[in-house]
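Working notes, structure below.
No hydrogens, no waters, no symmetry mates; every other heavy atom, side chains included, goes into these values. Convention: sequence-line order gives letters A, B, ...; per-chain numbering from 1.
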Amino acid sequence: MTKLDYKFYSRRNVVQIARNLPGKLLVTNVGGECTSGRIVETEAYGGVTDRASHAYGGRRTARTEVMYAKGGTGYVYLCYGVHHLFNVVTNAKDIPHAILIRAVEPVQGLEMMLQRTGKKQMDYTLTSGPGNLSKALGIDVRHTGIDLTGDTIFIADDGFSVHPGDIVTSSRIGVAYAGKDADLPYRFFLKGNKYVSGRKH
DNA sequence: CGACCGATCGTCT
DNA sequence: GACGATCGGTCGA
């Protein structure tokens, strides 16, 4: 089990990194509980030139400031007043690239995930969708700005191998407001995985 | 199955 | 004062 390091996150091509993440393990140690899930769906957000990005046009606010941190930083924000969405910041400091983790497959800490989400029984909705996976893994806005090479939240390679042909590419979910950038092929997910949210093509 | 809708609040205009 | 990188429920076909 190898924790992904600064070298992995600091690469320039955010789309490439987003394609590399499915199959990796997202691990959280929150409230003394260790939970983890295998990443099955991601979306790249291309910074200042991407209309779908919170940092489009170089927008810099209190909320988006962490997007300008160095690669390997966590960016968590509240969506619709209800959901905490977890992103991985990539590239160098001052280049606001980010990758939204949209779904994971539960691996460790099932009981804790059920408790956190208030679900009675295990089913695919437990960690399908960016809001649901954050809740199950105990991630919330308190974690924005966190160093992903630390021990609280990190991503690891546990040797699980993904064939390139098993990764499906599509446009992103819920970004219709982004004009032509809504069509960019920036979403990646594992073919046939039941935890993938939204369109399966 | 798809379309629609309410929840709920921090953030930006 | 409007709105969102969502979710789960309801309603109709």
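Closest contact between the side chain of Val175(A) and the listed nucleotides dA5(C), dC12(B), dG10(B) involves dA5(C). For Arg59(A), taking side-chain heavy atoms from C-beta onward, the closest of the listed nucleotides dC12(B), dT6(C), dT8(B) is dC12(B).
Distance check on atom P: dT13(B) versus dA5(C) gives 14 Å, rounded to whole Å. Rounded to the nearest Å, the gap between the C1' atom of dG10(B) and that of dG8(C) is 22 Å.
For the residue pair Lys70(A) and Ser10(A), no side-chain donor N or O sits within less than 3.5 Å of a side-chain acceptor on the partner. Residues Thr61(A) and Thr64(A) bring a donor and an acceptor atom of their side chains to less than 3.5 Å of each other. Side-chain N/O atoms of Glu41(A) and Ser197(A) include a donor and acceptor closer than 3.5 Å. Looking at Ser171(A) and Arg199(A), their side chains do bring a donor and an acceptor atom within 3.5 Å of each other.
Contact check, Lys119(A) against dG8(C): a side-chain N or O comes under 4.0 Å of OP1 or OP2. Regarding contacts with the backbone of dA5(C), every side-chain N or O of His83(A) stays at 4.0 angstrom or more from both OP1 and OP2. For dA5(C), the OP1/OP2 oxygens have a side-chain nitrogen or oxygen of Tyr177(A) closer than 4.0 Å. Phosphate proximity of dA5(C) to Arg187(A): absent, as no side-chain N or O sits under 4.0 Å from OP1 or OP2.
The aromatic ring centroids of Tyr77(A) and His54(A) lie less than 6.0 Å from each other.
For the pair Lys135(A) NZ and dT8(B) P, the interatomic distance rounds to 12 Å; values are reported in whole Å. Summarising the geometry, the separation between CZ on Arg199(A) and C1' on dA5(C) is reported as 13 Å, rounded to the nearest angstrom. Here the P atom of nucleotide dA7(B) and the CG atom of Asn132(A) are 19 Å apart, to the nearest Å. Between the CZ atom of Phe86(A) and the C1' atom of dA5(C) there is a distance of 14 Å, rounded to whole Å. Leu78(A) places its CG atom 13 Å from the C1' atom of dC7(C), with the value rounded to the nearest Å. We find that NE2 of His84(A) is positioned 14 Å from C1' of dT11(B), with the value rounded to whole Å. Summarising the geometry, the separation between OH on Tyr80(A) and C1' on dC7(C) is reported as 10 Å, rounded to the nearest angstrom. The OH atom of Tyr77(A) sits 17 Å away from the P atom of dC9(B) (whole-angstrom rounding).
Within 4.0 Å (heavy atoms only), Asn87(A) reaches at least one base atom of the nucleic acid. Using a 4.0 Å heavy-atom criterion, one finds that Leu100(A) contacts the bases of the nucleic acid, with or without backbone contacts as well. Within the 4.0 angstrom heavy-atom criterion, only backbone atoms of the sugar-phosphate kind lie near Arg102(A); the bases stay farther away.
In this structure, Lys200(A) forms no cation-pi arrangement with Phe189(A), as its terminal cationic atom is not both closer than 6.0 Å to the ring centre and no more than 45° off the ring axis.
Between Lys3(A) and Asp158(A) no salt bridge is recorded (no basic side-chain N to carboxylate O distance below 4.0 Å).
For residues 39-48 of chain A, proximity to DNA chain C is found at Tyr45(A), defined as any non-hydrogen atom under 4.0 angstrom from a strand atom.
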Can you check side chain to side chain contact (heavy atoms under 4.5 Å, CB included) on Ile146(A) and Thr73(A), steps first, answer last? CA-CA 6 Å; Ile146(A) 200 170; Thr73(A) 300; over 6 Å; no
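Taking the side chain as every heavy atom from C-beta outward, Arg38(A) and Lys24(A) never approach each other to under 4.5 Å. Between Pro96(A) and Val89(A) there is no side-chain heavy-atom pair separated by less than 4.5 Å.
Where DNA chain B pairs in unbroken runs of 3 or more (Watson-Crick or G-U, both distances under 3.5 Å), the stems are B:1-7 with C:6-12, B:9-12 with C:1-4.
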